[in-house]
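Written below as structure tokens is the structure these notes are about.
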Amino acid sequence: MGINSIQQNEVVMLLLGVCVLIFIIKNRVGLNRLPECGILMTAFYFLLATWIATILESFIWHSFFNLIEHAGLAVSSVLTGIWCWKTFRKKKDTG
């Protein structure tokens, strides 16, 4: 695997993810008002790590970073599901 195996959409996703990270850093106080914010932010950080791993697997340790990518996607998905469940369960219980 070499640099030629990097696809444009992988680079675009990483750049968009970095832009979202900058937004999160600048708006941390406002985002903390979201219910269960820590779970949602952790899910995003895992997602960002998968995008980084996708790029890195083209350069070094393909199998390792491929595993990190897919494990990170799974963890991010589970955390997002947990966040949805906790958020909407609270609304249902209180409403």
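Quick note: residue numbers are just sequence positions, from 1. Side chains are part of it too, since the values below use all heavy atoms of this structure and drop only hydrogens, waters and symmetry mates. Everything quoted here is computed from the prediction, not taken from an experiment.
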Identified side-chain contact (heavy atoms from CB on, under 4.5 Å) counterpart of Val78 within the set Val75, Thr80, Ile82: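 By the side-chain contact (heavy atoms from CB on, under 4.5 Å) criterion, Val78 pairs with just one of Val75, Thr80, Ile82: Ile82.
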
[atom2] on [Y] to [atom1] on [X], rounded to 0.5 Å:
X	Y	atom1	atom2	value
Asn9	Leu16	CG	CG	11.0 Å
Ile52	Met13	CD1	CE	12.5 Å
Trp61	Leu56	CH2	CG	9.5 Å
Trp51	Phe46	CH2	CZ	14.0 Å
Asn66	Glu57	CG	CD	4.5 Å
Asn32	Asn27	CG	CG	10.5 Å

Going only through I, L, V, M, F, W and Y residues with side-chain contacts under 4.5 Å, is there a path from [X] to [Y]?
X	Y	result
Leu40	Ile25	yes
Leu67	Ile55	no
Val18	Leu73	yes
Val29	Phe23	no

Pair Phe59-Ile6, side chain to side chain contact (heavy atoms under 4.5 Å, CB included): steps then yes or no: CA-CA 9 Å; Phe59 297 105; Ile6 296 177; 3.5 Å; yes

Nearest heavy atoms of [X] and [Y], plus distance in Å:
X	Y	answer
Thr50	Glu69	CG2-O, 3.2 Å
Tyr45	Arg28	OH-NH1, 3.7 Å
Cys37	Leu31	SG-O, 3.2 Å
Ala43	Ser76	O-OG, 2.9 Å

Side chain to side chain contact (heavy atoms under 4.5 Å, CB included) assessment of Leu21 paired with Phe44: CA-CA 9 Å; Leu21 179 63; Phe44 172 75; 4.2 Å; yes

Test side chain to side chain contact (heavy atoms under 4.5 Å, CB included) applied to Leu48 and Leu14, step by step: CA-CA 7 Å; Leu48 184 62; Leu14 179 59; 4.3 Å; yes

